[in-house]
Chemist: 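Mind having a look at this structure? Questions to follow.
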Number of protein chains: 2
Amino acid sequence: MRAKDGAKRAPTESDVARLAGVSQSAVSRAYTPGASVAESTREKILKAARELGYHPNMMARTLATNRSNIVALAISYLDNPFYAQVVRELSEKLRETGRHILLFTTSPDGKADPALEDVLSYKVDALILTATTASHELAVQCQAAGVPIVQINRESKLPGISIVRGPNELAATKIAEFLHAGGHLRYAFIGGTVESGTSKVRENAFVGRLRELGVKDVLVAHGDYTFEGAAIVTRQLLSMAEPPDAIFCASDYMAFATLDVAKREFNLKVPDDLSVIGFDNVPAASRFAWDLTTYSQPAGLLVDAAIDIIDSMIARPGRRAQRREVQGELILRGSAKRPPASA
Amino acid sequence: MRAKDGAKRAPTESDVARLAGVSQSAVSRAYTPGASVAESTREKILKAARELGYHPNMMARTLATNRSNIVALAISYLDNPFYAQVVRELSEKLRETGRHILLFTTSPDGKADPALEDVLSYKVDALILTATTASHELAVQCQAAGVPIVQINRESKLPGISIVRGPNELAATKIAEFLHAGGHLRYAFIGGTVESGTSKVRENAFVGRLRELGVKDVLVAHGDYTFEGAAIVTRQLLSMAEPPDAIFCASDYMAFATLDVAKREFNLKVPDDLSVIGFDNVPAASRFAWDLTTYSQPAGLLVDAAIDIIDSMIARPGRRAQRREVQGELILRGSAKRPPASA
DNA sequence: TGAAATATTGCATGCGTATGCAAGGCAGCG
DNA sequence: CGCTGCCTTGCATACGCATGCAATATTTCA
């Protein structure tokens with residue numbers, strides 16, 4: 001059909017075989033680790049391949065082996081530096097094993113994206129979701145197809161979906177204690193989306209611990225994990241008759257919005273008038289301009305765990321979904337009042 | 001071979017054909033836009049497909065058609081929010097035409113990454129490079145294979161490589177004039193890497209215009225497009241006997257580093273003691289905490305141009321490489337002293 | 001040196017889809 | 001009613017690689 005679209009047909013194993021004076025299968029074996037080829041012929045083949053500029057056709061290989069060396073990554077909030085970091089770490093670590101990322105940016109409205117169905121078409125080796133959740137249907141289909149699914153930073157009750165999460169409860173608890181020890185009067189929590197399980201878990205731990213400490217009502221708002229969303233609810237909170245003097249944001253990115261609004265629009269001094277604590281410890285949090293107190297959630301560890309899970313599930317298909325939690329720590333900076341004792 | 005890895009074999013067109021009582025080719029045609037199928041049979045087929053949970057196998061389709069609907073994206077500085085934005089825009093716009101991104105994060109050391117050779121294996125429809133350059137060998141091979149290459153924001157003299165760039169000369173010229181009108185005494189330019197053509201172009205325009213305006217020597221340093229790199233050279237610049245009072249950074253991201261060091265370590269007032277101007281106008285530049293004067297370079301427009309180019313080259317193979325420049329404008333904020341007149 | 005064990009090779013086929021070609025079906029027309 | 005032409009459909013084959021199996025070459029061991 002396509003004789004010449006102006007482009008020469010790429011050389012194939014047969015071409016290499018012809019030049020090297022061997023069979024096509026010999027060439028194939030030369031590229032298959034552990035296959036039976038004499039060292040001398042392999043060299044002969046590789047030489048011929050180099051001469052022709054041959055590169056194995058991954059699509060054909062995938063068709064034959066059912067393994068693509070492609071991992072699908074679904075992500076919603078690429079503007080949040082934390083997730084940019086996740087992408088980067090994941091890409092670099094997968095590359096070490098010759099794998100690549102097929103990117104699916106999903107709309108941040110929480111709903112599972114229909115375009116995600118494409119993962120089944122591309123025969124990806126695994127599907128990693130960060131800050132998104134898979135639909136029930138997709139989960140079932142992937143499980144049937146033997147494609148492991150790992151969700152980073154989102155909960156899910158769906159069958160066969162592995163979870164990697166940060167230290168949600170512990171962090172929220174410690175932050176509650178830290179703020180309380182700092183002698184604040186009125187507390188607020190700015191979560192992500194209403195549906196986000198992760199956000200809910202942090203909220204419950206934060207509010208719960210504060211209640212134990214005698215704080216009756218804690219303000220709760222949702223910034224939808226976006227800068228603009230967080231800015232809006234911050235504006236609302238700070239406009240109240242009795243505005244909060246301590247805000248815990250479910251992500252650094254939203255905490256930046258809170259700081260921005262507080263300083264720019266309300267002319268507040270941080271941390272004198274208002275303490276703000278974030279979550280993630282993204283690099284920007286340490287900038288002088290932000291100086292954000294936060295709880296670290298190492299992207300590298302999350303990614304390591306995710307890769308570990310998919311590898312183990314690929315090695316032993318049919319294995320049960322796993323659940324991992326990585327550790328972090330409270331990072332003390334200048335955006336939150338410190339307790340008198342620790343001063 | 002693989003009888004059951006614990007995973008059922010995914011349904012194929014033949015399975016659908018059997019259930020629908022037609023031939024495999026009929027099923028194929030049902031999924032091919034513009035193919036000859038009766039509407040009644042198509043519906044019958046789609047129904048059967050739905051029933052089986054059939055999804056076309058893109059790898060097989062690619063093998064047969066030599067089109068994968070995959071665009072390779074090579075990127076170095078994912079931590080720079082500007083490029084995160086590029087990735088996001090590109091992903092969303094490609095999705096509109098059913099295409100996806102295969103991600104290649106390359107090491108930021110300027111050298112073309114050997115892992116990029118994989119693009120030839122994956123039979124991608126095009127290759128887009130942002131803030132990286134393709135090796136000569138890769139350029140030749142891609143051209144031979146009919147794979148269009150577009151570089152966003154990097155120059156290249158290689159054959160067959162299209163370029164999409166921001167308003168480098170104009171921006172640098174205007175920034176020079178703006179700073180000069182602001183009555184500064186000592187100017188510095190913090191570029192990216194030494195090899196970066198983009199950086200060099202901006203440097204030349206900036207230094208050249210200042211020279212025209214009577215400024216003899218302009219300090220030139222290289223921050224390697226990284227936050228840390230820019231922080232280091234800023235430290236050096238500000239430690240000089242006669243430190244600059246006006247710095248133009250080749251990216252907002254580096255400008256943040258400059259601001260960070262200036263305020264935190266040198267306790268400088270911006271813009272009274274030091275004016276800083278960036279390039280890109282990333283969202284963070286408008287934050288109160290940064291309030292960065294900069295020159296906009298709309299990621300969306302760059303991406304639009306890139307997609308436009310690859311589409312036109314796919315439509316008419318063998319077409320010559322193209323070169324586009326998108327427009328931007330000087331964004332006045334608080335990080336640089338304004339000329340008296342415009343106050 | 002000869003036979004058995006092993007390493008290497010080629011042959012043939014399958015992976016799932018697209019498409020040229022020819023055959024069959026149908027409507028329109030005279 | 002018969003013929004022409006278009007619309008549908010199926011058949012057969014190609015796409016590039018992997019692999020089981022059988023054939024052959026090489027080594028090992030007695």
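All chains are named by letter (A, B, ...) in the order of the sequence lines, taking the proteins before the strands, and each is independently numbered beginning at 1. Reckoned from all heavy atoms, side chains included, excluding hydrogens, waters and symmetry mates.
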Chemist: Between D:dT19 and A:Tyr31, is there an OP1 or OP2 to side-chain N/O distance shorter than 4.0 Å?
Modeler: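 No, because none of the side-chain N or O atoms of A:Tyr31 sits under 4.0 Å from OP1 or OP2 of D:dT19.
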Chemist: Heavy atoms only, 4.0 Å cut-off, all strands: where does B:Val27 land among base, sugar-phosphate and nothing?
Modeler: nothing
Chemist: Looking at the base of C:dC15, is there any donor atom on it, or on the side chain of A:Thr65, that sits under 3.5 Å from an acceptor on the other one?
Modeler: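 Side chain to base: no pair below 3.5 Å.
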Chemist: From C-beta outward on A:Arg29, which listed nucleotide comes closest to its side chain: C:dG10, C:dT17, C:dT8?
Modeler: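 Among C:dG10, C:dT17, C:dT8, the one nearest the side chain of A:Arg29 is C:dG10.
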Chemist: Applying ring pair (Phe, Tyr, Trp, His ring centres under 6.0 Å), run through B:Tyr83 and B:Tyr225 and close with a yes or a no.
Modeler: CA-CA 12 Å; B:Tyr83 291 110; B:Tyr225 289 121; 7.8 Å; no
Chemist: If only side-chain N and O atoms count, and only distance matters, is there a donor-acceptor pair under 3.5 Å linking B:Ser312 with B:Gln322?
Modeler: yes
Chemist: Below 3.5 Å, does any donor atom in the side chain of B:Thr12 face an acceptor in the base of C:dC15, or the other way round?
Modeler: no
Chemist: Would you mind telling me which of D:dA18, C:dT8, C:dA18 lies closest to the side-chain atoms of B:Ser28?
Modeler: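 Of all the options, the side chain of B:Ser28 is nearest to C:dA18.
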Chemist: So does A:Glu39 reach the base of C:dA7 with its side chain, donor to acceptor, closer than 3.5 Å?
Modeler: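 Not at all, since no donor on one side and acceptor on the other fall under 3.5 Å apart.
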Chemist: Could you label the plane-to-plane angle of the B:Tyr122 and A:His100 rings as parallel, tilted or perpendicular, counting under 30° as parallel and over 60° as perpendicular?
Modeler: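 Ring orientation, 0 to 90° scale: perpendicular.
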Chemist: Has A:Thr132 got a side-chain atom pairing as donor or acceptor with A:Leu129's backbone, closer than 3.5 angstrom?
Modeler: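 Not a single qualifying donor-acceptor pair exists.
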Chemist: Distance check needed: D:dC17 C1' versus A:Leu63 CG, whole Å only.
Modeler: 8 Å
Chemist: Considering just the side-chain nitrogens and oxygens of A:Arg61, establish if one lies under 4.0 Å of OP1 or OP2 belonging to D:dA18.
Modeler: yes
Chemist: I need the single residue from B:Ile307, B:Val303, B:Val150, B:Asp308 that forms a side chain to side chain contact (heavy atoms under 4.5 Å, CB included) with B:Val164. Which is it?
Modeler: B:Val150
Chemist: Any donor-acceptor pair, under 3.5 Å, between the side chain of A:Glu13 and the base of D:dA18, if you only look at N and O atoms?
Modeler: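 Answer no: no donor N or O sits under 3.5 Å from an acceptor.
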Chemist: Students often get this wrong, so: under 4.0 angstrom with heavy atoms, is B:Thr41 touching a base, only sugar-phosphate, or nothing?
Modeler: sugar-phosphate
Chemist: Please compare B:Ala60 and B:Ala38 by the position of their nearest nucleotide in DNA chain D and report the one closer to 5'.
Modeler: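 Going by which nucleotide is closer to the 5' end, it is B:Ala38.
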Chemist: Can you check whether any acceptor in the base of D:dG16 is under 3.5 Å from a donor in the side chain of A:Arg9, or vice versa?
Modeler: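 A donor-acceptor contact between them is absent.
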Chemist: Reading DNA chain D from 5' onward, which residue's closest nucleotide shows up sooner: B:Ser23 or A:Ser25?
Modeler: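 Residue closer to the 5' terminus by nearest nucleotide: B:Ser23.
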